[in-house]
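Below is one structure; the comments refer to it alone.
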Amino acid sequence: MNLTAVTEVNEVMERHIEDSLAIIPPITNSYISHCNNSTKNINLVDVGSGAGLPGLILAIACPDWKVTLLESMNKRCVFLEHAIGLTGLSNVKVVRGRAESLGQDLRFREKFDVAVARAVSEMRILAEYCLPLVRVGGLFVAAKGHDPQAEVRNAERAIQMMGAAVLQLCSVESHSPYGQRTAIICLKDHPTPRKYPREPGTPAKAPL
Ligand SMILES: C[S@@+](CC[C@H](N)C(=O)[O-])C[C@H]1O[C@@H](n2cnc3c(N)ncnc32)[C@H](O)[C@@H]1O
């Protein structure tokens, strides 16, 4: 299905599974410190989930979380449904669609405690994909490479326009051969203005 270039089991474990698991501590630590909430029953959306990374792994590791895998490509959604069927997980579901459309859909807009994204886009585009889905008082966590400062500088205005601010950049414990990984954590403190996200395709063509 051309879901990943990595086919060796050990490499899948390091590059994908461990790397996905590594963002759990930054999520839970920030949630406890800034959202004044227990980390039980977190309602999380993984935007651009692809092969289920990190969302499917988070659903397995955190059975009391409710996870939505948001993915625009049909064949990847078919794979995700198949994988969920095989694992028998009941705390995860797949939604096929574009983040820009779901962000304007009142069933999803500002309904999630946490949005995560890994390897989907640069931060200023991701902010417009992810933050409209996050409730006020919730978090957006982007899994990034070792030098995310420039991306954050570029994205600061977009993040603020979506009603959020960067809380911190957390170095992530991972043995990933990608090298040092960072979780960029944003806290949403205001509602996202109604005009965002813009039409599907617009955030990528004309980043804020
Ligand atoms: C490079 S893959 C990364 C997948 C996975 N998160 C990972 O870490 O391996 C990016 C995925 O995001 C999806 N995607 C890109 N833009 C999207 C959007 N606007 N809304 C929903 N999904 C999107 C693509 O279809 C693709 O499956």
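Whatever order the structure lists them in is the order used to number ligands and atoms, beginning at 1. Excluded from the calculations below are hydrogen atoms, water molecules and symmetry mates; all remaining heavy atoms, backbone and side chain alike, are included.
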Got the closest protein heavy atom to [atom], with its distance?
atom                    : value
atom 21 (C) of ligand 1 : G97 O, 3.4 Å
atom 23 (C) of ligand 1 : S72 OG, 3.5 Å
atom 12 (O) of ligand 1 : G48 CA, 3.2 Å
atom 19 (N) of ligand 1 : E100 OE1, 2.9 Å
atom 15 (C) of ligand 1 : V120 CG1, 4.0 Å

Among G50, G103, A119, closest by heavy atom to atom 3 (C) of ligand 1 is A119
Closest heavy-atom approach to atom 25 (O) of ligand 1 among E71, R98, K75 is made by E71
Ligand 1 versus R76, non-hydrogen atoms closer than 4.0 Å: side chain, backbone, both, neither? side chain
Within reach of ligand 1, part of S49 (heavy-atom separation under 4.0 Å): backbone
Polar atom proximity, [X] to ligand 1 (N or O, under 3.5 Å):
X    : result
A99  : yes
L53  : yes
R118 : yes

